[in-house]
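Below is one structure, written out as structure tokens; the observations come after it.
Being a predicted model, the structure only gives us computed values, none of them experimental.
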Amino acid sequence: MVQVRGDSRFPLRSCKTAVVGKRSTMPPRLRFAPSPSGYLHIGGARTALFNWLYARHTGGTFVVRIEDTDQERSSRESVEAILEGLRWLGLNWDEGPGVGGPYAPYAQSERLASYRERVDWLIAHGHAYRDYTTEAETRAQRVAFAASVGLGPKDDLRRAGFKFKSAWRDKIGNTALPHIVRFRIQAKEDSVGFEDLVVGRVEKAMLDLDDFVLLRNDGFPLYNLACVVDDHGMEISHVVRGQEHLNSTLPQLLLYRAFGWEVPAFAHLPLILGPDREKLSKRRHPEADVMLHRQNGVAPQALLNFLVRIGWSQHDKEIFTRKEMIDAFDFGAVGRANGVWNTEKLASLNQHWMKALPPEELLPSVRAFLEQRREESRRRDPLPLRDEALVIGIRALAPRAKSLVEIASTLVAYFSRGVAISEEARAKHLGPEGIAALRETEAALAASPAWEPELLEGVVETVASGSKRKKGGIAQPLRVAVTGGTVSPGIGDTLAILGRGEALRRIREAMDNRAAP
RNA sequence: GGCCCUAUCGUCUAGUGGCCCAGGACGCUGGCCUUUCACGCCGGUAACGGGGGUUCGAAUCCCCCUAGGGUCACCA
């Protein structure tokens, strides 16, 4: 069940099994644990995706847990924004906000008592100590260190080797004074390490670890503590997260060990870098916002396909439906090198999925974009947005557009009364010859029993062969008359989107206005 | 700077010692198709970071260097 990389390639890594004990025989439990301090980040979405894929692949459980222990940064709006992003992507969760579950509550701010209880246990057993050092004293220590190495207090002191030492490490404090709680690193062991499902063996010398803080002086837990307590409490079997958390896994391991808890399997995913090769960040990279892509008209399926292929592959396969991703997913095929964001590839995948997905599936978002565009452009005589016409439009425009927004923008002009004809196009295609062609075609079109793409295409061809003209001799004047320009989908589709009434109207109008100055 | 991780076309990647003078996709590009614009189809361009080993044989295993990224909070 737990995948470990092949023995031949990682001989040393096969010595240990990532998961031992009864949990490894039960269906996996995975979690996505975002901190609600903004929108759903693209890296978070990828992490959520991989967790979700593995859970769905194995028939396990996908949990969403909100890590809102930082009161200042967390907000309800962010929780909602993140959940909305997940819903948009179709990453449904089995336990978590909104759906509940046997391990509720799923927000850390509602689980404070359990962290304090665990911390008390650690203190009682010598694994942690109360530290009464105030923030002012910590600051003073920094200033003193800075002075000793000739740096200013604002310089990065860690670079110069600054290490905070607590005077309380070996004392027993038990007063009511505000204090933090630190984990006591035991120097006895020389190193801690674990087997990562994607990275392999990760090891760190104990000396490189500090007595990390477990509890703040306001009683709120810090990441390492809350994460471990909840992952254990919620019986998470696989911790799948970004490689930025690789280092914090070591102190967390110490916590598992102190508690005597079974350690979950870990999988640290490579990071997604911006075009500047730095970790995709909200501040510097607008593309880090998942919802921006929704606004830009990217289909969720396309974004999913794009994300799954950063850091994961299945031979030469590039296109994945959800089912295909789920069926093929496995941590053994996750790469270890960071990937760079590639807008062109996303666009190309988006175009692929706009063509491949049933138009009906795209319809709601195209309609929404269309209504929005129409509002903005304040077209005077809007025509009703009929589903059948929209479906034809989406099918016809998908191969010609880079996004759903582009489809919608193009369609706006099809759903209002009348059209302004470009003078250049009129000069080129609506001369006496063009008008004559229009006249013949108009009559044939008006006589058409039905108004469907293939049928209309046929009518144009019939008129063309009947009048010994090339198809273009008919289609281009028609296109200009009906769209105002020389570029549009196939003429049958173009007429069909407009509908009989509006198409004929525009043709007649073009014939009448030929003499206009 | 300490520590951790990583290293194949510009980008995402295939590759688990011989099938690789390295395959696919995006991009760029030549052509075909065509009523316009696209789509599509056929072709081209372009990479194993450097140096040492191990081996009959290395993109693949080992070491060093270099480069890149991450992390070092009373954030997560």
Pair [X] + [Y], salt bridge at N-O below 4.0 Å:
{"X": "A:Glu442", "Y": "A:Arg439", "answer": "no"}
{"X": "A:Arg31", "Y": "A:Asp231", "answer": "yes"}
{"X": "A:Glu424", "Y": "A:Arg426", "answer": "no"}

Quick one: which of A:Val64, A:Val63, A:Asp230 gives a side chain to side chain contact (heavy atoms under 4.5 Å, CB included) with A:Tyr106?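 By the side chain to side chain contact (heavy atoms under 4.5 Å, CB included) criterion, A:Tyr106 pairs with just one of A:Val64, A:Val63, A:Asp230: A:Val63.
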It should be established whether [X] places a side-chain nitrogen or oxygen under 4.0 Å from OP1 or OP2 of nucleotide [N].
{"X": "A:Arg216", "N": "B:C75", "result": "yes"}
{"X": "A:Ser488", "N": "B:U36", "result": "no"}
{"X": "A:Lys279", "N": "B:U71", "result": "yes"}
{"X": "A:Arg277", "N": "B:U11", "result": "yes"}

Could you tell me which residues satisfy side chain to side chain contact (heavy atoms under 4.5 Å, CB included) with [X], sequence neighbours excluded, listed by chain and number?
{"X": "A:Leu346", "result": "A:His293, A:Val298, A:Leu303, A:Phe306, A:Trp341"}
{"X": "A:Glu80", "result": "A:Leu83, A:Arg87"}
{"X": "A:Arg182", "result": "A:Tyr129, A:Asp131, A:Phe164, A:Ser166, A:Ile180, A:Asp211, A:Val213"}

Kindly state which residues belonging to residues 68-75 of chain A come within less than 4.0 angstrom of RNA chain B, counting heavy atoms of the residue only, listed by number.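 Nucleic-acid contacts, sorted: A:Thr69, A:Asp70, A:Arg73.
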Expected output is a numbered-order residue list: members of residues 302-312 of chain A with a heavy atom under 4.0 Å from any atom of RNA chain B. What is it?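 Residues of residues 302-312 of chain A under 4.0 Å from RNA chain B: A:Arg309, A:Ile310, A:Gly311.
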Pairwise [atom1] distance for [N] and [M], with rounding to whole Å:
{"N": "B:G10", "M": "B:U45", "atom1": "P", "answer": "14 Å"}
{"N": "B:C20", "M": "B:G1", "atom1": "C1'", "answer": "42 Å"}
{"N": "B:C62", "M": "B:A25", "atom1": "C1'", "answer": "33 Å"}
{"N": "B:A59", "M": "B:A47", "atom1": "C1'", "answer": "10 Å"}
{"N": "B:C63", "M": "B:G23", "atom1": "P", "answer": "30 Å"}

Report all interatomic pairs (protein N or O, nucleotide N or O of nucleotides 44-46 of chain B) with separations under 3.5 Å.
none

Check the distance between B:U36's P and A:Arg426's CZ and give it to me in whole angstrom.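 Going from A:Arg426 (CZ) to B:U36 (P), I get 22 Å.
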Side chain proximity check, A:Val181 to A:Ile123, heavy atoms < 4.5 angstrom: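 With C-beta onward as the side chain, the pair touches.
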Under the side-chain hydrogen bond (donor to acceptor under 3.5 Å, both in side chains) definition, can you give me all pairs with a residue in residues 456-465 of chain A, not counting sequence neighbours? A:Glu457-A:Lys471, A:Glu461-A:Lys471
Residue pairs involving residues 344-353 of chain A (criterion salt bridge (Lys or Arg N to Asp or Glu O under 4.0 Å); sequence neighbours excluded):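 Only A:Glu318-A:Lys345 qualify under salt bridge (Lys or Arg N to Asp or Glu O under 4.0 Å).
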With sequence neighbours excluded, give me every salt bridge (Lys or Arg N to Asp or Glu O under 4.0 Å) pair touching residues 243-255 of chain A. none
Using the 3.5 Å cut-off, write out each protein N or O paired with an N or O of nucleotides 27-34 of chain B and the distance between them.
none

Exercise answer: donor-acceptor pairs, residues 36-48 of chain A side-chain atoms, under 3.5 Å, sequence neighbours excluded:
| unit_1 | atom_1 | unit_2 | atom_2 | d |
| --- | --- | --- | --- | --- |
| A:His41 | ND1 | A:Gly43 | N | 2.8 |
| A:His41 | NE2 | A:Leu280 | O | 2.8 |
| A:Arg46 | NH1 | A:Ile310 | O | 2.6 |
| A:Arg46 | NH2 | A:Pro270 | O | 2.1 |
| A:Thr47 | OG1 | A:Gly43 | O | 3.0 |

Residues that A:Arg469 engages under salt bridge (charged side-chain N to carboxylate O under 4.0 Å, His left out), provided they are two or more places apart: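 Applying salt bridge (charged side-chain N to carboxylate O under 4.0 Å, His left out) to A:Arg469 gives A:Glu433, A:Glu440.
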